[in-house]
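A note on names: the letters A, B, ... follow the listed sequences, proteins ahead of strands, and every chain is numbered from 1.
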Amino acid sequence: MDFSIILSQTLTQAIGITAIIYCLAAIGLNVQFGYTGLLNFGQVAFVAAGAYAVGVIVFTFDLSLWLAILVGVVAATLLALLLGIPTLRLRADYLAIVTIAASELLRLLVRSIAFKDIFGGAQGLNGKLGQQFHDLNPLPIDFQPLPILTWTRQDIWVVIVGWLLVALFTLLVWGLVRSPWGRVVKGIREDEDAVVSLGKNVFVYKMQALVLGGIIGAFGGIVWAVAKQSVQPDTFQPDFTFFVYTILLLGGAARVFGPIVGTIIFWFLLTGIGEVLSQAINAGYIDFLSSTDVGSIRFILMGLGLMLLMIFRPQGIFGDRKELALDAR
Amino acid sequence: MPASTLDPDAPPGRRAAFAALADVDCLPGSAKPDPILVADHVSRQFGGLKAVDVNHVEIQRGAITALIGPNGAGKTTLFNLLTGFDKPDSGKWTFNDRQIAGTAPYRLARMGMVRTFQLTKALSRMTVMDNMRLGAKGQTGERFFASLLPFTWKAQEAANEKRALDLLARFNLDAKVDDFAGSLSGGQRKLLEMARALMTSPEIIMLDEPMAGVNPALTQSLLGHIKNIREEGTTVLFVEHDMDMVHDISDWVIVMAQGEIIAEGPPDAVMKDSQVIDAYLGAHHDKALTSDGAALTNTPAGDTQ
């Protein structure tokens, strides 16, 4: 077994581009679910909105990437309004049903043949989507500070800007939740009627949280399109949202650093388990599994880990057990 | 009807309310000299059951009015309708002479009409202080963009905090400031909910069964708090089904049964009203039980609604 490869792969994933995408989605979900208590089961739709904004504006219409980012933010806002206006006045579970349905609807829409000219159908949009961003790369040509991380110069540029975005949004969320605004949304999470009875327009606060969380999620999609230079409809499956929930619960919902810690641990474990298993199978230590099973086994083990976490530390890594133990009614 | 008497050392708020209500007729829907809340033809039907059917009712400003009645009389439903938490099938009502039927509940709270709930709604996973801060009205820091600029709301926050501490001290919760609301006892949560409602500086505070599930010792102090609220000039309307509690603190009593208002008057008079006794104990309460169970039909049962 080659532990340097295992470590290299695992670290690269744990703090790499994929981690950044999930982390941004989780920061958005933390605003919606963690603080405000909105059961958004369609966070992937906001990520897709950001990614497809880049794809459509840059690839289909051959316009500027900066315009695409603006369009991504507008698209996420519109999507949040569209989902929120009919459902936020209803009970929380309705939002859950509507968002999961909407995220699938959106995916099927962009992969449909009818809109192939715009969204590229099942193949998606593949081209130099992030060229304008990569042209700004200030790093020297042979830049490779840590050989253990298997990143290209282009990847490192995305990773630096990506983590800066994560830091920026984390700072924004921190600023919001420590303010009276954050107190109102936490109150809504605890008991909506009580907050209404104190004269707060709960609908507006829930909408603000949904829009903000959606926009942060859309930035995950923008990073995705720019880094991978392609958008494909079938990468935006509902399981993306559930991984984001896993990350959030792992790190601790309603904790400012929950999404960051959760993301790093999630990808570290997921990749680490996979790498260790493949190496062990290839080296002949495990003979009842084949290397093709690894992909599923690592998710089974992740699921098991999540169950153990919920049983023994339901508040996540950062959560406050005392707070969780209280009767939430 | 025998006139109520006034305790010689009653506080000024009680004296004022007593004097104002002295000449009011003891009839359902009677006119009050200075009503803060006036409701007309308010009705609400749940399936085949007419839960509320109130023709006319007025609530006197500056007094403690009790809304009593047996279980299922429609007290809480009327409360929910008046505060906008439920929509009536018909009816109009005014608050300070302003039509408020159909107004969103959060707007009513801002206008000065605040309510509490029968099942206490303390925000469990927030501290007692955060619960109190949430009650303050017109906070700059509750606006999305302003919230990111602490210098725009720090001073206001400090002022609210000071007011919250004063209120908490009055309600004997000052030792619990930093505890989670969920760690308080049932009675303390009732106190917190009342203190939080007062943070909105209401004109009328509507308490839905403030004494339910509270131990006798704490009930006495709760009654004291409610009287103090009146002495500070705030109108109190509260729902209760225990007549003895009502007798001690209310200036005026409105009795509901089967969705309608059946009697009104000062506590002494109302308690002697035969209709009220019938509503509570059943019309045949003085007759022997018959084999077909006729005397049991009016037995209070189930939860209040």
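- Annotation: B:Arg107, atom CZ; neighbour count of heavy atoms from other residues, nucleotides and ligands within 6.0 Å does not exceed 12.
- The nearest pair of heavy atoms linking B:Gly141 to A:Ser179 is O-OG, 4.0 Å.
- For the set B:Leu148, B:Thr83, B:Leu134, the entry with the most heavy-atom pairs within less than 4.5 Å of chain A is B:Leu134.
- Only the side chain of A:Leu212 has a heavy atom closer than 4.5 Å to any heavy atom of chain B.
- Within the structure, ring-ring contact (aromatic ring centres under 6.0 Å, His included) contacts touching residues 107-153 of chain B (residues at least two apart or in different chains) are A:Trp181-B:Phe144, B:Phe85-B:Phe117.
- Atom OH of A:Tyr94 has 12 or fewer neighbouring heavy atoms from other residues, nucleotides or ligands inside a 6.0 Å radius.
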* Asked: Step by step, would you call A:Gln208 with B:Arg143 a side-chain contact (heavy atoms from CB on, under 4.5 Å)?
  -> CA-CA 10 Å; A:Gln208 286 172 343; B:Arg143 293 209 285 265; over 6 Å; no
* Step by step, work out the side-chain contact (heavy atoms from CB on, under 4.5 Å) result for B:Arg125 and A:Lys186. => CA-CA 9 Å; B:Arg125 290 181 294 175; A:Lys186 279 183 247 176; over 6 Å; no
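- Ion pairing between B:Glu157 and A:Arg183 holds under the 4.0 Å rule for side-chain N and carboxylate O.
- Using a 4.5 Å cut-off between heavy atoms, B:Ala104 makes no contact with chain A at all.
- Looking only at distances, a side-chain donor or acceptor of A:Tyr205 sits under 3.5 Å from a matching main-chain atom of B:Glu142.
- Within 6.0 Å of the CG atom in A:Leu168, the count of heavy atoms belonging to other residues, nucleotides or ligands exceeds 12.
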* Intermediate values then yes/no, side-chain contact (heavy atoms from CB on, under 4.5 Å), B:Arg110 and A:Asn201 -> CA-CA 10 Å; B:Arg110 287 184 192 173; A:Asn201 189 347; 4.1 Å; yes
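- The neighbour count for B:Asn215 CG, taken as heavy atoms of other residues, nucleotides or ligands under 6.0 Å away, is above 12.
- For residues 70-79 of chain A, an interface with chain B (any heavy-atom pair closer than 4.5 Å) does not exist.
- For the pairing with B:Pro105, the side-chain contact (heavy atoms from CB on, under 4.5 Å) check across A:Asp193, A:Val196, A:Val202 returns one residue only, A:Val196.
- B:Asp130 has its side chain out of reach of A:Glu190: every pair of non-hydrogen atoms, C-beta onward, lies at least 4.5 Å apart.
- The candidate from B:Arg133, B:Gln139, B:Lys137 with the greatest count of non-hydrogen atom pairs under 4.5 Å with chain A is B:Arg133.
- What you find for B:Ala109 and A:Leu198 is that their closest heavy atoms are CB-C, 4.0 Å.
- At least one side-chain heavy atom of B:Pro150 sits under 4.5 Å from a side-chain heavy atom of A:Arg178.
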